[in-house]
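Before any comments, here is the structure.
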There are 2 protein chains.
Amino acid sequence: MRDTTAPRAAELRIDAPHRELLDQVLDKWSLSVLNELCERPCRFNELRRAIPAVTQKSLTATLRRLERNGIVERHVVATRPVAVEYRITPLGKTLRAPIDALLDWADAQMPRIENARRAFDATVE
Amino acid sequence: MRDTTAPRAAELRIDAPHRELLDQVLDKWSLSVLNELCERPCRFNELRRAIPAVTQKSLTATLRRLERNGIVERHVVATRPVAVEYRITPLGKTLRAPIDALLDWADAQMPRIENARRAFDATVE
DNA sequence: CCGTATCCACGCGGATACTG
DNA sequence: CAGTATCCGCGTGGATACGG
């Protein structure tokens with residue numbers, strides 16, 4: 001919680017580490033992956049099926065990035081062939097609330113946004 | 001507001017329009033711009049000075065995108081030379097809360113994230 | 001099943017120069 | 001002052017093929 005008593009704002013600095021973190025955590029496929037893993041642990045190919053548009057390469061990259069940031073865990077079960085299960089971590093769960101806030105915002109404001117886009121596109125034609 | 005009465009999760013769909021909207025609103029420079037404009041209306045070059053790392057081209061693009069989505073307004077004062085003032089709109093202000101939630105999360109969890117990164121990088125070396 | 005390796009196209013964003 | 005125009009490198013992400 002940042003200081004809300006300060007009359008001046010300006011303390012809302014978006015520095016490089018912040019930006020980088022948000023980029024890693026909010027990138028193209030992360031939200032979908034997080035969404036799935038918030039419900040249940042998933043195998044790699046379960047995730048692929050749940051998110052049909054993602055390629056294998058991108059899904060691997062997304063999972064590695066989230067793992068590196070401590071958002072998901074990777075569990076390898078040494079069967080033949082191997083089974084790999086991905087789970088959300090406690091740290092990852094703390095991301096749920098702010099992401100939900102963002103998605104709620106998007107849901108709520110989407111009509112106004114679309115109006116604004118139409119209006120803008122009309123003036124520029 | 002999504003339906004919070006549903007016991008099941010899985011309703012947290014991230015579809016293409018959602019992703020596109022978030023991409024437009026959370027892109028590389030938008031947070032910094034929004035941050036400035038939440039405090040006060042700004043001229044173009046005021047914004048450049050406030051965000052030294054942004055190029056003219058990128059700042060223009062960011063402002064156009066935000067304007068198109070109804071997040072900021074552009075006011076041209078017909079002096080010589082022209083003055084252009086950018087302001088946040090009421091719609092834009094509704095973005096503040098979810099973005100703050102995200103930045104608060106980043107502030108709070110940054111140490112844990114950095115630990116996770118070090119641990120991960122150590123195992124992979 | 002769960003990846004890695006390779007190739008390639010495309011678009012973003014920076015640098016620079018110029019204009020009303 | 002507030003942009004537009006142009007060029008260009010570089011990373012990201014898709015397609016495809018192969019490996020443990």
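Computed from a predicted structure; not experimentally measured.
A:Arg43 has a side-chain polar atom (N or O) that falls below the 4.0 Å cut-off from OP1 or OP2 of C:dC2.
For the residue pair B:Leu31 and B:Val25, the shortest heavy atom distance occurs at CD2-O, 4.3 Å. Residues A:Arg68 and B:Asp121 share a closest heavy-atom pair of NH1-OD2, 2.5 Å. Closest approach of B:Ile88 to B:Leu37, counting heavy atoms only: CG2-O, 3.7 Å. The shortest heavy-atom contact between B:Ala106 and A:His18 is CB-CD2, 3.8 Å.
No engagement by A:Arg48 is indicated, since no non-hydrogen atom pair under 4.0 Å with the nucleic acid exists.
Counting heavy atoms from C-beta on, the side chains of A:Phe44 and A:Thr60 come closer than 4.5 Å. Contact check for A:Glu46 versus A:Arg49: side-chain heavy atoms found under the 4.5 Å cut-off. Between A:Arg64 and A:Glu67 the shortest side-chain heavy-atom distance falls below 4.5 Å.
Residues from residues 55-71 of chain B that place a heavy atom under 4.0 Å from any atom of DNA chain C, listed by number: B:Thr55, B:Gln56, B:Lys57, B:Ser58. Against DNA chain C, the stretch residues 76-88 of chain A makes heavy-atom approaches under 4.0 Å through A:Pro81, A:Val82, A:Val84, A:Tyr86.
Here the C1' atom of nucleotide C:dC12 and the CG atom of B:Asp27 are 10 Å apart, to the nearest Å. Between the NE2 atom of A:His75 and the C1' atom of C:dC2 there is a distance of 16 Å, rounded to whole Å.
In this structure, of C:dG14, C:dG3, D:dC1, it is C:dG14 that holds the atom nearest to the side chain of B:Lys28.
For the residue pair B:Asn115 and B:Arg118, a side-chain donor N or O sits within less than 3.5 Å of a side-chain acceptor on the partner.
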